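Right, one structure below, let's go through it.
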Amino acid sequence: MTTTDSPPAPAAPVRRRRSSGDTERGFSRTFRWIATGSGALILATLAAVALFLIVRAWPAMTASSAELADAVPRYPDDTSFLAYVGPLVFGTLLAAVLALLMATPVAMGIALFISHYAPRRLAQVLGYLVDLLAAIPSVVYGLWGIAVLAPAVGPVWLWLNEYLGWFPLFAGGASPTARVLATVSVVLAVMILPIITAVSREVFLQTPKLHEEAALALGATRWEMVRTAVLPFGQSGVISAAMLGLGRALGETMAVLMILSPGFLYSFNILQAAQQQTIAAYIALDFPEASGLAVNALIATGLALFVITLAVNMAARAIVARRKEFSGAN
Amino acid sequence: MVGALALSLAACGSDPGADEPNGEGSETAMDLSGDLNGGGASSQESAMEAWRAGFQGQYPDVTVNYDPVGSGGGREQFGSGAFSFAGSDAALDEDEMATAEEICGAGGVIEYPGYISPVAVAFNLEGIDTLNMSPETIANIFAGEITTWDDEAIATDNPDADLPSTDITVVHRSDDSGTTENFQEYLNTVVPDVWTYEPEGIWPIEGQESAPQTSGVVSAAQAGEGTITYADASQIADLGTVAVGVGDEFVEYSPEAAAAVVEGSPRVEGTGEHVFAYDLQRDIEGTYPIVLVSYHLACATYEDAATADLVKGFYTYILSDEGQQAAADSAGSAPLPTSLTEQFLPSVEAITAG
Amino acid sequence: MAQRIDVTDVNIYYGDFRAVEGVSMTVDPKSVTAFIGPSGCGKSTFLRTLNRMHEVIPGAYVEGKVELEGVDLYGDDVDPVAVRRNIGMVFQRPNPFPTMSIKDNVLAGVKLNNRKISKSDADDLVESSLRGANLWNEVKDRLDRPGSGLSGGQQQRLCIARAIAVKPQVVLMDEPCSALDPISTLAIEDLIQELKKDYTIVIVTHNMQQAARVSDRTAFFNIAGTGKPGRLIEMNDTATIFSSPAEKATEDYVSGRFG
Amino acid sequence: MSADTSTMDSTERTRALLTTAEPRRRRVDRAMTVLIWGAFALAMVPLVSLLWTVLFNGAGRISLEFLSYSMRGIFGGDPSGGIYHAVTGTLIITGWAALVSVPIGILVAIYLVEYGRGALARSVTFFVDVMTGIPSIVAGLFAVSLFTIFFGPGARFGFMGAVALSVLMIPVVVRSCEEMLKLVPNELREASYALGVPKWLTIVRVVLRTSVAGLTTGVLLAVARVIGETAPLLVAVGVTDSINFDAFDGRMMTLPVFIYRQYAQGLATCREGQEGCVADIALQNAWGAALTLIAIVMILNIAGRLVNRWFAPKLR
């Protein structure tokens, strides 16, 4: 064995690419992969949920209407699957949109009140109260709806029906028990009010002082300042907040289930019993006793709800994106 | 944060009676422990609570769970083996029986009516506690043919009552329920020419008020003047009730009168050895014909010895006088007549492992 | 148009903290008055009391008298909204409304007062205001683009155009050039010289050369130490302040010429 | 003399200018102020009524016994027993859900804010929005199906519920944390890089540290969102009346499910003169549990605020 004590061969000069990818070494690179992996995991989870929905819904969507009518309770005879889901989609949208129409202006009012009108101490307490209300479980809203709200609004609905019955929403006979969509919409509105308020309030508070002062310095009254500086700045945030609220209203199960007298019609009579039903409540109502194809049909309605939510989100994004150029963010 | 809270609470919380010495159960020969999971009809839930409480009181190491997932869910999960026992408002049909027999193996399925409860026809009219109604009248009211309380059909049967001209508001169950199915079965059997709908768990008529669960229909009925509904008799609170016409007389509901219906009805022929299904007779004099009959399901043999012992012990307890009395007290159900329990007990006692 | 401002013995507070103490001065019409002084000496705070912007901050209030042409701005019957409409303000950082186009930015103040302005009147006003702010030639082709797309100097001139579009009596400028590059600064300074013909102008600046270049009169503010209120040390013709100030503090400050 | 009059004139003119009532604008401003106060008052009516109803109906049921015993062996109108099993179940299941969702949620938010470019980031943002719209019952069904694959059809344990809740919770965590991380000024990151701190350490020590208050709020909102869920837990966890601390074995009770079950149970049967039997005990239990649930959420909120106060860097 001959050992030559030669110096180690000079290492070939390493040429590093001076790209951004190389500035992350060691754990930084690992960290990037962990974060990216989490992002991918979200997609995988959602794909799994969607896949699950589609696989379980598929038998119902492809079955003949005769088979469905046989297996699924409440399935109208000789109708397509769409005719079966249609009234449910209609009822879901009607309840949620009514709730949104009631809640959004009020929520914006409260948000402005907290961010720009109320004395600072009071505003803090109110902000806290609103956060707390966002956390009240829907079962409790349901209990409250039955025990307190329905008896309270019953006479109001009767009055509306009697004197404003010509208006399509108030037509039909008013229910004596007030277990109708109007009551449900009010409960949903109360329920989503804290969410919309909480998000809008945060956005309004973020309005740059600069813009508020610019408006005031031009001789704007407080409301004019809100109109010129705060509302335009918060517009996209309020839309997001409303969509968040709409999402919760669309998917709300327990409160609707406990309050509404369901029906399966395309009906705008929100004071009349047994006219509409929402998808989530329908699933919860019939799922316990469902078996076989009926389960598939229920999950197919769940898929419909999923698609509605998807569409709503896409619409909201489109609206926000169109206004992006003029948005307050820079 | 959550964990810390849980820990601090863990220090002071306990199951009631968990550390009390075992009193009543000491005389029994078997020493049972473990979990037993079942589920099904929510109509039985109150009774099940009493049974579970009583059984767990005898065997403190046992936990019996009953998921009130509904009859269909109970039958399905019993058939898939998820539930060791189940409650169902309807007897198994042929397909379900076949599936269940596959799971249960050679011994077959045990099925008997374990819970019998009168279904009251209840209404909310100020100042009126009880009304007589013939089956035709009841059917016509619920079908929406009779629409006011001072209708002639009601008035003739109640000459003394001061009936208002209020509109009748029918409230039915919005969920799929055994109560609905049993109520419709009654109407369809007794007055088939008026009630032409096929009896099923979902109410067939659209456009009427409805609410989920017994408590839901009761509170809906309480909320409006002039409402009428059908509900488990133990839950109707302060609503007025209908005495139902049977033959020439009108019968108020009572658990005994309800149990008499099953007692007087013939067992369905051609089923398995341990299957006690009944073809209910709705016109026996002196009985209250609107009953909810809910079945108990079990296997005659279980693979697992512990499960076999638990099911056997639990069902034996249910059929004992003590068990029947506990259910009657807490759920207002009808104690099973001895003539019936004597028939069921041998099947239950024959449960084995293997 | 332009009017004089008389300030008598003004104290300015943030809550319990007295930020400025005992200021009295007179601002002549159609002149440029500069406020100089070290950071935190209260010159910006004082400026904001001249159009009642100070009281926008919660807890802030003012004692003393500020008169515009003999009318006390803090009088009972005076509407702060009307005060701000008549005394315009330009801020340190350009703040065009990001959600509005250039044109709408110019019209923002006018629309508050008179919503039914005709389209031709509006166009004329936009043009004259932007011309008045030396911005017209640069933006006339993109009046419908967002104001936030302009460069910093252009944005600041847009803000000036917005301020003069409502035809105020006085224009207050709070360090209008501090966020701008030298070329934009020069453009604004030229603009101030032109605006002087029509408006009374008060400008706060850190830049003493700027004060020397643009102003007719200069007021020097100073504080004795942190936590102490700011005071008006000396006010005089700009030339006098920079050549032979009466006070030692003023001389020390101006002789340290920087910027 | 003439100069004097002109001074007088200009004073009057100025006074006129500064006191112009401009009645329309002032009326609009007044009206809007009233309207906004009104909106607030209007909203307070149902919300206060709700809180009052829960407090009024629930407070009477709250006792040490109610909070420290389970419902094991309690049935009918028996007014003993309590919600201890449901409280622990809620805390354990929500705790596991948070344990799963919070790290994933924050990591996704970090990905979106610090790394996210291109198609993956865009689709993640979009689908997170979509996920916020998953109906809760669908999440429950999904969890059941998922675990059925591994454990067979009878599987019911707390962690299944936690997974269902995580599906609902992750998007909320991501959305709110993303907003909070975006608020961290870029200058801070650059300052950190300029000091030679590696990116991951910058994120952990600078970005997360700066936004910890916001992150806590976001997480608490997400917890509040799921702690009251009923439908998915009913499907995935089942019900029990006994205490169970093991999230991986056996059913668990949770407060929302308990509330719904008690409500659905309705009136108990009490014989005339039966002692120790309260007919509407189930409803009382439901209100008591509702009050407890709200109290828990409140405690979490306060705890979150304290966390903020301790850890948040003093920015102002």
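For the numbers below, each heavy atom of this structure counts, side chains included, while hydrogens, waters and symmetry mates do not. Remember, predicted model here, so these are calculated numbers, not experimental data.
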Of the backbone (N, CA, C, O) and the side chain (C-beta and beyond), which part of [X] lies under 4.5 Å from a heavy atom of chain A, both, or neither?
X        : result
D/Val138 : both
D/Leu35  : neither
D/Leu42  : side chain
D/Thr125 : both
D/Tyr260 : both
D/Ile170 : side chain
D/Thr33  : both
D/Arg30  : neither
D/Leu293 : side chain
D/Ile106 : neither

| note | Heaviest contributor of heavy-atom pairs below 4.5 Å to chain D, chosen from A/Ile34, A/Val139, A/Leu310, A/Leu41, is A/Val139
| task | Could you tell me which of A/Gly251, A/Gly109, A/Ala35 has the largest number of non-hydrogen atom pairs under 4.5 Å with chain D? | result | A/Ala35
| query | Between A/Trp144 and D/Ser49, do the side chains contain an N or O donor and an N or O acceptor separated by less than 3.5 Å? | reply | yes
Tell me, side chain or backbone of [X] under 4.5 Å from chain D's heavy atoms, or both, or neither?
X        : result
A/Ala220 : backbone
A/Thr36  : both
A/Ala48  : both
A/Leu193 : side chain
A/Leu257 : side chain
A/Leu126 : side chain
A/Val106 : both
A/Ile146 : side chain

| request: Check whether any side-chain N or O of D/Asp29 sits under 3.5 Å from a backbone N or O of A/Thr221 as a donor-acceptor pair, and report yes or no. | output: no
| note | Scored by heavy-atom pairs under 4.5 Å with chain A, the best of D/Pro103, D/Gly38, D/Ser145 is D/Ser145
| message | Between D/Phe40 and A/Ile114, does the side-chain contact (heavy atoms from CB on, under 4.5 Å) criterion hold? Intermediate values first, please. | response | CA-CA 9 Å; D/Phe40 161 70; A/Ile114 295 175; 5.9 Å; no
Please report the closest heavy-atom contact between [X] and [Y], naming both atoms and the distance.
X        : Y        : value
A/Val190 : D/Pro46  : CG2-CB, 3.7 Å
D/Ala43  : A/Ile110 : CB-CD1, 3.1 Å
A/Ser28  : D/Lys199 : OG-N, 3.3 Å
D/Leu107 : A/Ser38  : CB-OG, 3.3 Å
A/Val140 : D/Ala290 : CG2-CB, 3.5 Å
A/Gly39  : D/Tyr111 : CA-CD2, 4.4 Å

| task | Just do the side-chain contact (heavy atoms from CB on, under 4.5 Å) check on D/Trp200 and A/Arg29 with the steps written out, would you? | result | CA-CA 8 Å; D/Trp200 76 273; A/Arg29 189 174 294 179; over 6 Å; no
| said: Is it the case that over 12 heavy atoms from other parts of the model lie below 6.0 angstrom from the CZ atom of D/Phe56? | reply: no
| Parallel, tilted or perpendicular: which describes the rings of A/Phe113 and D/Trp37, with under 30° parallel and over 60° perpendicular? | perpendicular
| Considering the options A/Ile299, A/Leu53, A/Val49, A/Leu51, which one meets the side chain to side chain contact (heavy atoms under 4.5 Å, CB included) requirement together with D/Phe142? | A/Val49
| Given the rule in the side-chain contact (heavy atoms from CB on, under 4.5 Å) test, do D/Met131 and A/Thr45 qualify, once you have shown the distances and angles that lead to the verdict? | CA-CA 9 Å; D/Met131 263 179 101; A/Thr45 311; 4.3 Å; yes
